[in-house]
Colleague: 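Once you've had a glance at the structure underneath, I'll fire off some questions.
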2 protein chains.
Amino acid sequence: MQTVRQTVPDSNVPALCQRCPARHQGICGVLDGAQLAQLLKLSRRVRRPAGEELMADAMPISTYANVRRGVVKLSKILEDGRQQVVGLQFAPDLLGRPFATESRVSAAAASDVDLCLIPKNVLETAMAQSARLERRIMLQALRELDEAREWMVTLGRKTAVEKVASFLYLIATHEDANEERADFDLPLSRADIADFLGLTIETVSRQLSRLKADGVIGIASHRRITVPDLARLRLRCG
Amino acid sequence: MQTVRQTVPDSNVPALCQRCPARHQGICGVLDGAQLAQLLKLSRRVRRPAGEELMADAMPISTYANVRRGVVKLSKILEDGRQQVVGLQFAPDLLGRPFATESRVSAAAASDVDLCLIPKNVLETAMAQSARLERRIMLQALRELDEAREWMVTLGRKTAVEKVASFLYLIATHEDANEERADFDLPLSRADIADFLGLTIETVSRQLSRLKADGVIGIASHRRITVPDLARLRLRCG
DNA sequence: CGCATAATTGATAATGGTCAACTAAGGTGG
DNA sequence: CCACCTTAGTTGACCATTATCAATTATGCG
């Protein structure tokens, strides 16, 4: 028996894809060189600055977008302006709504982001041809469902400090591979964090100060956070 | 051109399925008589009383269950016992986690329920053979994701009255087909409603009393609710 | 009919929100 | 390169909403 490769060989893989951080994960991880080359030709790489709206609620969707770098926030607003962030997408997540003609959320760049825009019909054709791809996209939707439900617990049952600790833990484990300690830039402003946690910016700020006073985190600058002991932060998540 | 039928003809459909309220919806709606007969033979109809645990968190899953009647609540608990209901399943929803070996939530009968238990491998074989079925199951997962996100807005950004009104509106539109008025039994106890809304039972009770005092709802008995004007209830949802 | 449980109501406390003043930080032009 | 200016974030004082604790009242079942 031959050694089994982890992923499809890179021989025919386009150079751009080889350098892409999302290459071996997400939807690209299940495609071979020829399929990637095909998709690459029909898609478009773009950079969007933090804050830019990517997809409006209730707007027709004509493209999917693969997140290559940065963080995208998905949010919903009530008529009177109250806003709730309902999800965060990191590389290599796929942005867009399979089998729907319109979005039920609005998407905006939380940090500066690099995207790979794939026209709706192109990706859907690829899905029809590759069961692995369709399966992968379905698995992402199921993972997003798990994450949404996990977050419902945070929103419904946790205190303000626990909410902030949970958010920091989420980002720390996403941005920094280290198991014990972490040191990272927050991809969201205080206002976005507040909208994600169902709090006000003042409360977010106070709880960050509290965690800092307790020695659970360090705040190097407004955006820069250090976590000397992830297990201790974990304990504050409720 | 011939008249197009809404669903597959009933000629070969098993009698039990013909009488099933979920017959033309959910996963059964995409199966023909032969497929239904096959699934029927390999599945088992059971009745479970309100309160009974159906599936524990982090337990291996060996069966799916189609909800035929009643309401199932999906919930998560924190170590210290705080609980959050993260989803409600009505007929003809499918209960279970596609492509996962263990559940991330626990499921319990909120009201008395009738279920159709389908062994995991049986349904997964059927999915592999019917793209329509796989598609249908994926669509349900996407709908559940939408519902979860919708509820995140309620949990994170709505006031106590708005939460209670939103819950009543959800149930009213599910249990009663009427467009203007509704009259229904609550499938959940006050404790379950509180766990769904991220409130205490006392607050739920107070807000129900408030809505009653405002004439938005009538409370015939603890479980029986009347809504003279759904549009007015809708206004209270924030 | 009585009992056990579920729900309501009231009094009080705590958590987080609001409004306002102040401070840090990052970007631009002199 | 630094000073200024704008914006984002922090902190404080006070208030509102919801939680907590306790007592009372329905309701549905045996």
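In this text the structure is predicted, and so the values were computed from the model without any measurement. First the proteins, then the strands, lettered A, B, ... as listed; each starts at 1.
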Colleague: Do the side chains of A/R97 and B/D146 get close enough for a salt bridge, i.e. N-O under 4.0 angstrom?
Modeller: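 The answer is yes: the pair qualifies as a salt bridge.
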Colleague: When you get a sec, tell me which of C/dT8, C/dG16, D/dA19 is the closest nucleotide to the side chain of B/L199?
Modeller: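 Minimum distance to the B/L199 side chain belongs to D/dA19.
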Colleague: With a cut-off of less than 4.0 Å, is there a side-chain N or O of B/T203 near OP1 or OP2 of D/dT17?
Modeller: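 No, no such contact exists.
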Colleague: Identify which nucleotide among D/dA19, D/dT27, D/dG9 has an atom closest to any side-chain atom of A/H222, counting heavy atoms from C-beta outward.
Modeller: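 The closest nucleotide is D/dG9.
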Colleague: Write down the distance between CD1 (B/I219) and P (D/dT27), rounded to a whole number of angstrom.
Modeller: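 It is 10 Å, rounded to the nearest whole Å.
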Colleague: Nearest whole Å is fine: how far is C/dT15 P from B/R82 CZ?
Modeller: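 After rounding, the reported distance stands at 12 Å.
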Colleague: Within this structure, what is the CG-to-P distance between A/L155 and C/dG16, rounded to whole angstrom?
Modeller: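 In whole Å, C/dG16 P and A/L155 CG are 13 Å from each other.
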Colleague: First locate atom CD of A/E144, then atom CG of A/L139, and finally report the distance between them rounded to the nearest 0.5 Å.
Modeller: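 Separation between the atoms: 11.5 Å.
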Colleague: Is any side-chain N of the basic residue among A/D195 and A/K73 closer than 4.0 Å to the acidic one's carboxylate O?
Modeller: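 Salt bridge between A/D195 and A/K73, a charged N being under 4.0 Å from a carboxylate O: no.
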Colleague: Identify, between A/L208 and B/R210, the residue whose nearest nucleotide on DNA chain D lies closer to the 5' end.
Modeller: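 That would be A/L208.
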Colleague: Classify the nucleic acid contact of B/S221 as base, sugar-phosphate or nothing, counting any heavy atom under 4.0 Å across all strands shown.
Modeller: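 Sugar-phosphate, no base atom in range.
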Colleague: How many whole angstroms separate atom CD of A/E162 from atom P of C/dT15?
Modeller: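 Going from CD in A/E162 over to P in C/dT15 covers 11 Å.
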Colleague: Is it the case that B/K76 and B/S106 place a side-chain donor and acceptor less than 3.5 Å from each other?
Modeller: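 Side-chain D/A pair, B/K76 to B/S106: absent.
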Colleague: Hey, which of these two, A/R223 or A/K158, hits DNA chain C nearer its 5' end, going by closest nucleotide?
Modeller: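 By nearest-heavy-atom nucleotide position, the 5'-most residue is A/K158.
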Colleague: What is the distance, to the nearest angstrom, from the CD1 atom on A/I201 to the P atom on C/dT23?
Modeller: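 My rounded result for the distance is 17 Å.
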Colleague: Out of C/dT9, D/dT11, D/dA26, which has the shortest distance to the side chain of A/S205?
Modeller: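 The closest nucleotide is D/dT11.
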Colleague: Just checking, is any N or O donor in the side chain of B/T226 or B/R224 under 3.5 Å from an acceptor N or O on the other one?
Modeller: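 No donor-acceptor contact under 3.5 Å links the two side chains.
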Colleague: Mark yes or no for a side-chain to base donor-acceptor pair under 3.5 Å between B/R206 and D/dT20, with no hydrogen or angle criteria applied.
Modeller: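 Indeed there is one.
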Colleague: State whether A/E147 and A/R143 are salt-bridged, where the test is any N-O pair (Lys NZ or Arg NE/NH1/NH2 against Asp/Glu carboxylate O) under 4.0 Å.
Modeller: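 Yes.
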Colleague: Grab the CD-P distance between B/E202 and D/dC21 for me, whole Å please.
Modeller: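 My rounded result for the distance is 10 Å.
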Colleague: How long is the line joining CD of B/Q207 and C1' of C/dA7, in whole Å?
Modeller: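 Distance check: B/Q207 CD to C/dA7 C1' gives 15 Å.
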Colleague: Could you state the atom-to-atom distance from CZ of A/R157 to C1' of D/dT18 in whole Å?
Modeller: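 It works out to 12 Å between those atoms.
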Colleague: Fit a plane to each ring of B/F167 and B/F196, take the angle between them on a 0 to 90° scale, and name the class: parallel (under 30°), tilted (30 to 60°) or perpendicular (over 60°).
Modeller: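 Perpendicular, since the angle between the ring planes exceeds 60°.
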Colleague: When you measure from every atom of DNA chain D, which of residues 184-197 of chain A have a heavy atom less than 4.0 Å away?
Modeller: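 When residues 184-197 of chain A is checked for heavy atoms under 4.0 Å from DNA chain D, the hits, listed by number, are A/S189, A/R190.
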